[in-house]
Amino acid sequence: MSIPPVSRRQFLAAGSALLAATYVPDWAEAFQPGATGEARRAEVADAALAQAVKLGASYADIRINRYRRESIATRERQVQNVSRSTSYGLGLRVLVNGTWGFAASNLVAAASARAAADQAVAIARANAALTTRKVVLANADKVVTTWANPIKRDPFEVPLETKIAFLMTLNEAALAVPGVSFINSQLQFVDEQKYFASSEGSRITQRLVRTYPQFTTTAADRAAGDFQTRAVVDRAKLLGYEYVEDYPWLQDAERAGHEVVEKLTAKPAVPGRYDVVVDPSQLFLAIHESVGHSTELDRSLGYEANMAGTSFVKPGDAGKLRFGSKIVNLVGDRTQPGGLATTGFDDEGVPSERWHLVRDGLFVDWQTTRELAPLVGQQKSHGCLHADDWSSVPFPRMPNVSLEPAATEVTLDDLFSDIKRGIYVVGRGVSSIDQQRYNFQFGGAVIREITNGKLGPMLRDAAYQSRTPDFWASCDGLGGPATYRLWGTSADGKGEPGQTNAVSHGCPPARFRNVTVLNTGAA
Amino acid sequence: MLNREDALTICETVLAHATAAGAEDAIVSAQSAVESHARFADNRITTSGRSADVTITATVWVGRRRGAATGNDAGADALKRLADEAVQIARVSPVHREYVPTLGPLDYAESRAFVAATADPDLNARAKSLEGVLTTCRAAKITGAGFHTARASATAVATANGNRRYFRNSEGGLSITARTPDGTGSGYFAGDHFDLAKLNAQHIADQAVGKAVRSRAPKPIEPGVYPVILEPQAVSDLLGFLTGAFDARTADEGRSALSGKDGKTRVGEAMFSERLNLYSDPMHPEMPAAPSTADGTPATRLSLITAGVLENLVYSQFWAQEKKRDATPGPVNYILESTLPPTAMDDMIKGMARGLVISRFWYVRQIDGRSIMLTGLTRDGLWWVEKGRIQYPVRNLRFNQSVLAMLAPWNVEAIGAPERRSPLMVPALKLSGFAFTSISDAI
């Protein structure tokens with residue numbers, strides 16, 4: 001069920017004199033679109049790249065990006081915060097004697113771009129003596145083009161009052177449920193406008209719009225000193241405001257209200273071994289942590305050893321390592337519609353593509369960049385270089401990694417049907433996994449027991465825990481194409497200095513046998 | 001970075017534009033920042049860079065309606081647009097029920113947390129320091145990965161009611177993960193300081209390499225509840241979950257680990273070991289911080305736990321107004337220390353009949369806010385102790401452990417001297433019990 005959009009005209013007709021007397025302007029300074037803005041960015045980029053090459057860079061690229069963000073935060077029946085921000089700047093990467101240097105500035109002009117080139121080259125030269133292996137880049141085609149993700153309604157053009165009305169209605173849907181104490185809700189929108197230029201001649205302009213609705217309901221038993229929370233099930237997508245209008249947010253808020261109250265009195269989970277059916281709303285996160293991060297080649301090579309960690313998948317494992325059962329097929333995909341990591345080109349101008357990471361249960365390929373691909377004997381990058389800001393160094397980031405559904409229609413009830421003792425996990429709970437992506441523990445927003453093929457009452461304080469290769473080997477059932485969903489996470493952390501990446505994972509519900517279930521409530 | 005005069009001029013310019021556009025109250029901040037880093041792995045530099053930015057935020061109220069806008073362009077036209085946009089957002093927003101008038105003139109101490117040389121480190125000096133680190137790794141036949149960072153910022157704030165403040169801070173840090181070539185050993189050590197010159201890169205490298213060598217070929221043990229010694233890094237990996245629970249509003253609303261029964265909070269309860277103090281102090285000699293809270297209250301020493309008793313919760317200006325009391329003058333950092341003379345790490349080990357020494361934790365998440373129940377894993381150094389001696393390295397373990405239970409009166413046996421792990425100062429802790437639930441293959 002969607003909220004009927006209220007037009008600005010309708011709102012003003014019904015609204016106050018104060019509101020009628022004012023308006024929020026368009027983002028007049030947003031990105032200077034059109035020929036003038038494009039020419040200005042090209043002038044700045046050319047100045048930086050020419051200076052870098054003049055100083056000895058064998059390769060250089062520059063990103064001149066603007067980010068617009070809007071955030072509206074509410075709790076119960078009041079608006080806590082409405083804010084907008086813009087950030088504009090340039091980030092220049094140079095390769096000198098096989099060593100990287102990087103410099104970034106919020107001053108976007110030819111002079112500051114040349115100064116950035118001076119700094120980046122100086123950094124690379126100072127570190128060159130510490131380089132034992134020179135960076136070699138895989139070839140990439142020269143590209144001159146533009147790309148934008150399709151959106152039906154630009155969220156930055158939707159009146160603020162429409163967004164506030166949506167959140168207030170959402171909050172009421174949850175608060176109408178007896179026993180709900182609190183709701184915090186938020187709408188966030190990001191408009192990422194990127195210009196890329198390289199010393200190889202590529203010039204790429206892209207626009208990506210993301211929409212992030214979220215809420216958390218809380219039920220507190222003040223007398224007993226007890227409380228429970230239930231967060232939103234869906235997450236961010238690479239879509240416009242139509243995502244707010246089309247998804248049944250009110251139904252989810254009302255359901256969240258009922259479920260958080262039920263959680264207060266739900267029976268505690270009994271630890272043991274269970275068959276586990278994981279809904280796409282939680283399985284996406286299991287895929288993210290256990291597959292997405294373990295198949296990043298930079299981790300396997302040790303580049304992330306000091307922060308995110310390494311991987312149980314070793315550099316020579318492609319085509320050899322049994323990753324899961326034969327029904328498990330996982331793809332890297334930066335073309336998936338609505339996927340948060342979907343783009344036209346990555347941050348070194350490589351076009352997006354879809355490829356298998358795991359085929360018929362066998363690990364077959366990596367996530368790569370131009371620097372990484374040659375290190376495993378590949379001629380081309382899969383296009384996984386990304387920076388979360390103009391000021392950030394681009395580095396390998398996860399594409400959308402998705403689990404393919406069964407070839408024929410299989411329903412959720414089909415997956416439950418032969419389970420004697422199991423649990424069904426819905427929605428995102430707490431997740432944790434070790435630094436080589438073996439041992440994980442995942443909770444859910446709501447977990448219910450399955451007894452003799454039937455879904456039963458809710459359990460509290462439950463989490464499932466396993467070891468990645470064992471878990472995927474135990475997968476013996478997948479939902480069919482009709483059950484496939486795409487869910488995402490908006491703040492995947494990696495790297496130093498830390499960066500966040502937005503990424504989605506598509507999947508059907510899946511069944512896993514004989515998995516450890518914990519009760520996490522006992523201190 | 002912007003100096004005091006230039007930064008405050010930006011704030012006052014935006015204030016003037018906002019007032020002219022109709023703002024009845026406003027607060028404007030201008031933060032300029034510079035960051036330099038070098039990242040290394042596989043015993044070589046992988047990425048290195050420098051970035052500079054300025055962030056200007058205007059928050060305004062018109063008829064108690066609130067609007068906020070942020071930009072990073074300090075040009076004259078951009079400052080006017082920023083102010084106008086904040087006012088325009090305010091005009092179409094509902095009444096802000098939690099409005100508190102912005103602060104007037106107040107006196108703030110000078111920040112001690114800034115060293116100019118840390119703001120822009122010499123590239124060649126950094127390269128020489130890292131060369132020493134990489135040489136140490138290679139000499140020990142260790143694969144080193146790590147991160148060297150230096151950053152500084154200057155923040156100016158001006159309000160329509162006359163508050164003016166300007167603080168600078170700096171911080172340098174180095175962390176190293178040393179791994180044995182056979183992939184069976186890994187060690188981590190890190191240090192940070194507001195003065196980059198005080199950072200001892202060689203000591204950090206030696207510690208990380210030593211841990212890697214001593215953690216080689218770990219043996220499995222059964223998960224269960226064991227006595228443990230947490231090194232300061234491990235304590236810092238957990239303590240942030242406790243500090244997040246001190247918010248008075250959340251506790252008053254009954255949704256915090258520090259909420260009590262029947263609508264009360266747990267202030268005054270002896271919840272923690274009587275040997276523990278936790279406080280904030282902007283003038284701490286090793287861990288100085290900005291002499292102002294985020295909402296402008298001048299920061300002074302603030303006790304949160306005194307001899308194990310929950311002494312204070314943290315009141316924002318709004319919640320203080322609601323509760324008819326003063327906003328708390330912090331926290332701006334956290335110092336956990338013993339009420340008694342500290343116990344040295346060696347003495348903790350000598351006094352341990354059996355148990356584990358833990359270097360650090362990884363991927364720690366809160367499962368349950370009622371008891372601050374956390375899950376996560378040990379990483380980069382875990383050893384079995386028996387009869388007062390470290391016996392052998394142990395395979396990593398997953399834990400499910402409540403922080404409240406961990407620091408409870410019956411569970412804390414000994415406390416070390418606090419060490420800087422920004423923004424915390426934390427000691428090693430010797431604990432009677434810590435709950436592990438599964439074993440990990442990860443090295």
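Scope of the values below: all heavy atoms of this structure, side chains included, with no hydrogens, waters or symmetry mates. Each chain gets a letter, A, B and so on, in the order the sequences are listed, and its residues count up from 1.
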**Message:** What part of Ala69(B) gets within 4.5 angstrom of chain A, counting heavy atoms only: side chain, backbone, both, or neither?
**Reply:** both

**Item:** Pick from Ser431(A), Ala220(A), Gly89(A), Ala224(A) with the largest number of heavy-atom pairs that fall under 4.5 Å of chain B
**Value:** Ser431(A)

**Prompt:** Heavy-atom distance under 4.5 Å between the side chains of Ile204(B) and Phe189(B), does that happen here?
**Reply:** yes

**Request:** Could you check whether the rings of Phe147(B) and His37(B) sit parallel, tilted or perpendicular, using 30° and 60° as the cut-offs?
**Result:** tilted

**Complete:** If you tally heavy-atom pairs under 4.5 Å between each of Arg249(B), Lys264(B), Glu35(B) and chain A, the highest tally belongs to Arg249(B)

**Check ion pair Lys494(A)-Asp298(A) (N to O, under 4.0 angstrom)** = yes

**Request:** Tell me, out of Gln465(A), Met307(A), Arg75(A), who's got the most heavy-atom pairs with chain B below 4.5 Å.
**Result:** Arg75(A)

**Request:** Among Leu123(B), Thr70(B), Val54(B), Thr55(B), single out the residue with the greatest number of heavy-atom pairs under 4.5 Å to chain A.
**Result:** Thr70(B)

**Prompt:** Given a strict heavy-atom distance threshold of 4.5 Å, which part of Asp122(B) is in contact with chain A: side chain, backbone, both, or neither?
**Reply:** neither

**Message:** Are the side chains of Ile443(B) and Arg179(B) in contact, using a 4.5 Å heavy-atom criterion?
**Reply:** yes

**Message:** Is Ser186(B) close to chain A through its backbone or its side chain, or both, or neither, when contacts mean heavy atoms under 4.5 Å?
**Reply:** neither

**Fill in**
Most contact-rich option vs chain A, by heavy-atom pairs under 4.5 angstrom, among Ala41(B), Ala178(B), Ser440(B), Gly63(B), is Ser440(B)

**Asked** Taking the six-membered ring where the residue is Trp, are the ring centres of Phe399(B) and Phe361(B) under 6.0 Å apart?
**Response** yes

**Message:** Using a 6.0 Å distance limit plus a 45 degree cone around the ring axis, check whether Arg64(B) lies over the aromatic ring of Tyr99(B).
**Reply:** no

Which side-chain N or O atoms in residues 115-126 of chain A pair as donor and acceptor under 3.5 Å with protein atoms at least two apart or in another chain?
residue   : atom : partner  : partner atom : Å
Asp118(A) : OD1  : Gln51(A) : NE2          : 2.7
Arg125(A) : NH2  : Leu55(A) : O            : 2.5

**Asked** In terms of heavy-atom pairs under 4.5 Å, which option from Arg370(B), Lys261(B), Arg365(B) contacts chain A the most?
**Response** Arg370(B)

**Asked** Ignoring hydrogens and geometry, is there a side-chain-to-backbone donor-acceptor pair from Asp434(A) to Gly376(B) under 3.5 Å?
**Response** no

**Contacting moiety of Thr218(A), where chain B heavy atoms sit under 4.5 Å** = side chain

**Tyr363(B) and Phe442(A) aromatic centres sub-6.0 Å** = no

**Asked** Given a strict heavy-atom distance threshold of 4.5 Å, which part of Phe227(A) is in contact with chain B: side chain, backbone, both, or neither?
**Response** both

**Request:** Measure distances from Ser175(B) to the heavy atoms of chain A and classify the residue's part below 4.5 Å as side chain, backbone, both or neither.
**Result:** both

**Asked** Between Arg126(B) and chain A, which part of the residue has a heavy atom less than 4.5 Å away: side chain, backbone, both or neither?
**Response** side chain

**Request:** Give the member of Gly429(A), Gly302(A), Gly309(A), Ala308(A) that has the highest number of heavy-atom pairs under 4.5 Å with chain B.
**Result:** Ala308(A)

**Request:** Below 4.5 Å from any heavy atom of chain A, which atoms of Ile439(B) appear? Answer side chain, backbone, both or neither.
**Result:** backbone

**Asked** Between Asp441(B) and chain A, which part of the residue has a heavy atom less than 4.5 Å away: side chain, backbone, both or neither?
**Response** both

**Prompt:** With only heavy atoms counted, which part of Glu304(A) is less than 4.5 Å from chain B, the side chain, the backbone, both or neither?
**Reply:** both

**Asked** Which one of Thr516(A), Ile433(A), Val79(A) has the most heavy-atom pairs closer than 4.5 Å to chain B?
**Response** Ile433(A)

**Prompt:** When you measure from the side chain of Thr180(B) to the backbone N and O of Gly185(B), does any donor-acceptor pair fall under 3.5 Å?
**Reply:** yes

**Prompt:** Are the charged groups of Glu289(A) and Arg437(A) less than 4.0 angstrom apart, N to O?
**Reply:** yes

**Request:** Measure from the side-chain N and O atoms of Thr143(B) to the backbone N and O of Asp42(B), and report whether any donor-acceptor pair falls under 3.5 Å.
**Result:** no

**Request:** State whether the side chain of Asn396(B) and the backbone N or O of Ala442(B) hold a donor-acceptor pair below 3.5 Å, judged by distance alone.
**Result:** yes

**Request:** Could you have a look at Val430(A), Thr310(A), Leu107(A), Leu130(A) and say which one has the most heavy-atom pairs with chain B under 4.5 angstrom?
**Result:** Leu130(A)

**Message:** For the interface with chain A, which of Thr149(B), Ile45(B), Asn72(B), Thr177(B) has the highest count of heavy-atom pairs at distances below 4.5 Å?
**Reply:** Asn72(B)

**Prompt:** Side chain, backbone, both or neither: which part of Phe312(A) has a heavy atom under 4.5 Å from chain B?
**Reply:** neither

**Complete:** Whatever's closer than 4.5 Å to a heavy atom in chain A on Arg266(B) counts as neither

**Request:** Using modelled atom types only, decide if a donor and an acceptor are shared between the side chain of Asn411(B) and the backbone of Met406(B) within a distance under 3.5 Å.
**Result:** yes

**Prompt:** Which region of Leu82(B), side chain (C-beta onward) or backbone (N, CA, C, O), has a non-hydrogen atom less than 4.5 Å from a non-hydrogen atom of chain A, or is it both or neither?
**Reply:** neither

**Complete:** Taken in chain and number order and not counting sequence neighbours, the residues that satisfy side chain to side chain donor-acceptor pair (under 3.5 Å) with Thr216(A) are none

**Prompt:** Taking Glu98(B), Glu253(B), His96(B), Glu131(B) one by one, which has the highest count of heavy-atom pairs under 4.5 Å against chain A?
**Reply:** Glu253(B)

**Prompt:** Measuring heavy-atom distances to chain B, does Asp221(A) have an atom under 4.5 Å in its side chain, in its backbone, in both, or in neither?
**Reply:** neither

